[in-house]
Amino acid sequence: MSNLYSNITVGPLEEMLETEGTYGNFGGSYVPEVLAEKLKFLADFFDKEVQKQDFKDELIRDLITYVGRPSPLFKAENLSREIGATLYLKREDLNHTGAHKINNAIGQILLAKRMGAKEIIAETGAGQHGVATATAAALYGIPCKIFMGAIDAERQALNVKRMELLGAKVVTTTAGRATLKDAVDAALGYYIEHPDVFYLLGSQVGPHPYPKIVGYFQSVIGAEARQQILNAEGRLPEVVIACIGGGSNAIGMFSAFIPDKEVRLIGAEGGGKNTPQHTAATLSYGKPAVFQGTYSYCLVDDQGNPIASESIAAGLDYPGISPQHAFLKDTQRAQYEPITDEEAKSAYKLLTRLEGIQPAIESSHAVALAIKKLKGTGKLAIINLSGRGDKDVSREI
Ligand SMILES: *Cc1c(COP(=O)(O)O)cnc(C)c1O
């Protein structure tokens with residue numbers, strides 16, 4: 001590719017491509033045999049494809065001309081003055097469709113196309129990943145079904161309409177609590193029964209090879225940010241902060257900095273009300289368990305069964321978590337802290353007023369944690385602004 005693209009880097013990150021799906025004790029693949037075969041095929045296919053120059057060229061072309069990469073690294077001078085630290089925002093909110101999820105959707109749809117998939121399926125909670133997937137499917141002309149809990153579909157009527165306009169069929173399920181976890185179960189069931197289907201998973205969760213694939217396609221965030229901060233400040237940041245739902249925007253940002261031991265990595269979890277029963281802070285309140293195909297932390301009851309999570313941010317409202325973040329926590333390479341709904345709302349308002357940037361309520365958790373951790377320290381930090389906040393205006397912000 002020409003020099004035009006030389007400022008964009010997409011992996012491969014050595015340790016990600018070497019892993020066989022485990023991160024220390026975490027990760028792996030806990031699925032029925034029929035699924036195990038499909039996942040093995042996908043894992044091998046991915047490993048081969050990402051090494052090919054024409055695959056990388058196609059990916060980078062789409063990231064630049066369709067998604068709008070590289071996203072800017074913005075020095076938030078007003079917020080910096082207010083807080084007493086030097087804060088940069090990585091503007092994933094400026095991507096096409098308004099969040100980081102499109103990076104992964106575009107990457108996986110290229111894989112699907114090359115595998116000859118006849119149909120794309122995906123799960124969605126608030127509808128953000130459903131919209132990103134339906135967008136990518138529209139671009140590549142592949143039929144698409146989005147699985148969604150019936151309760152979520154009702155709460156997120158606007159996103160349901162968007163997906164339908166993009167040509168996707170939205171399939172609702174009334175099983176369980178009719179939310180994200182049940183949508184994943186429904187999508188997995190359909191995936192097992194339909195051999196030509198490609199399952200486009202939206203976060204760094206689920207069985208191998210999904211955490212590896214999603215981590216790879218999101219790694220463009222940190223690769224860009226690391227270069228951008230070096231250009232702007234001539235040095236690495238002291239702290240990097242991102243919000244954690246399943247963990248994909250955070251791993252995308254963190255992975256470039258993992259080898260830089262002096263850079264502190266901190267994840268902001270959806271704390272909800274910050275009690276063990278009313279939270280989505282999986283790494284802070286959960287225990288290691290097998291959940292939806294992987295071994296990682298999970299919010300569980302006294303009997304060890306998964307419980308429903310609770311957070312103001314739909315994108316953070318999931319009882320599971322990426323196995324790679326579980327590993328980073330246990331090895332203490334990264335720290336994770338819960339941010340309450342109220343703290344996130346205050347940060348949303350503050351950033352909007354000070355910088356004219358409305359962050360997604362998910363991303364507001366990262367902003368809130370930055371304020372808490374960095375106040376008066378004078379430190380240099382990057383906050384990953386995973387998405388835009390228009391969708392959250394009608395909430396009680
Ligand atoms: C989905 C979403 C998240 C949470 O998902 P991760 O996989 O943890 O990144 C965070 N921010 C926004 C804007 C989202 O749409």
Side-chain angles (χ1 to χ4, degrees), residues 71 89-105 107-108 122-133 135 148 152 156 159 162 179-180 183-184 200-206 210-211 213-222 241-255 265-270 280-283 292 294 296-297 309 311-326 328 334 336 338-339 344 347-348 351 357-369 383-392 395:
S71 66
L89 306 177
K90 180 61 171 163
R91 301 288 310 275
E92 292 300 296
D93 60 312
L94 293 176
N95 293 340
H96 180 47
T97 67
H100 68 290
K101 288 203 171 75
I102 193 76
N103 303 327
N104 171 56
Q108 286 195 45
E123 80 296 337
T124 199
Q128 299 299 107
H129 176 55
V131 169
T133 302
T135 298
M148 204 169 180
D152 283 342
Q156 308 291 336
N159 276 339
R162 288 172 77 194
T179 58
L180 178 60
V184 174
L200 206 160
L201 197 71
S203 188
Q204 209 203 10
V205 297
Y210 282 105
I213 291 176
V214 177
Y216 177 80
F217 287 132
Q218 293 294 3
S219 68
V220 66
I221 302 173
I241 298 184
C243 70
I244 311 267
S248 74
N249 86 86
I251 208 64
M253 175 57 92
F254 288 0
S255 49
L265 309 174
I266 322 183
E269 295 200 280
T282 307
L283 289 168
Q292 291 189 325
T294 190
S296 182
Y297 280 75
S309 52
S311 166
I312 187 177
L316 308 185
D317 203 356
Y318 183 68
I321 179 73
S322 140
Q324 193 175 3
H325 284 294
L328 292 173
Y336 300 86
I339 288 295
Y348 181 109
L351 187 66
I357 296 171
Q358 286 175 251
I361 190 67
E362 289 81 7
S363 323
S364 304
H365 286 67
V367 177
L369 187 61
I383 304 170
N384 197 29
L385 215 69
S386 55
R388 57 187 291 164
D390 317 39
K391 68 185 181 59
D392 302 306
R395 283 176 186 280

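Whatever order the structure lists them in is the order used to number ligands and atoms, beginning at 1.
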Can a donor-acceptor pair be found, under 3.5 Å and without considering hydrogens, that links the side chain of [X] to the backbone of [Y]?
X: E92; Y: S71; value: no
X: H129; Y: L200; value: yes
X: Y348; Y: G389; value: yes
X: E269; Y: T282; value: yes
X: N104; Y: L201; value: yes
X: S363; Y: S386; value: yes
X: T124; Y: G130; value: yes
X: S322; Y: Q324; value: yes

Those atoms of ligand 1 less than 4.0 Å from some heavy atom in [X]:
X: G245; result: 8 (O)
X: G247; result: 6 (P), 7 (O), 8 (O)
X: S203; result: 6 (P), 7 (O)
X: S248; result: 6 (P), 7 (O), 8 (O), 9 (O)
X: S386; result: 10 (C), 11 (N), 12 (C), 13 (C)
X: C243; result: 10 (C)
X: G387; result: 13 (C)
X: Q128; result: 15 (O)

*Do any nitrogen or oxygen atoms of A99 come within less than 3.5 Å of a nitrogen or oxygen of ligand 1?*
no

_Pairs of nitrogen or oxygen atoms closer than 3.5 Å, one from N249 and one from ligand 1: do any exist?_
yes

_I need the nearest protein heavy-atom contact for atom 4 (C) of ligand 1: residue, atom name and distance, please._
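Sorting protein heavy atoms by distance from atom 4 (C) of ligand 1 puts G315 O, 3.2 Å first.
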
_To check your reading of the model: name the closest protein heavy atom to atom 3 (C) of ligand 1, its residue, and the distance in Å._
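Result for atom 3 (C) of ligand 1: K101 NZ, 3.6 Å.
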
*asked:* So which atom in E362 and which in G315 form the shortest heavy-atom distance, rounded to 0.1 Å?
replied: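 Shortest heavy-atom contact: OE2-N, 2.8 Å.
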
*May I ask you to identify, for Q204, whether its side chain, its backbone, both or neither come under 4.0 Å of ligand 1 on a heavy-atom basis?*
neither

*Using a 4.0 Å heavy-atom threshold (strictly under), name the region of H129 that reaches ligand 1: side chain, backbone, both or neither.*
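For H129, there is no contact with ligand 1 at all, from either part.
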
*Of all the heavy atoms in H100, does at least one lie under 4.0 Å from an atom in ligand 1?*
yes

*Report the C-alpha separation of N95 and N103 in whole Å, then their side-chain angles, then the decisive distance to 0.1 Å, and conclude whether the side chain to side chain contact (heavy atoms under 4.5 Å, CB included) test is met.*
CA-CA 9 Å; N95 293 340; N103 303 327; 3.8 Å; yes

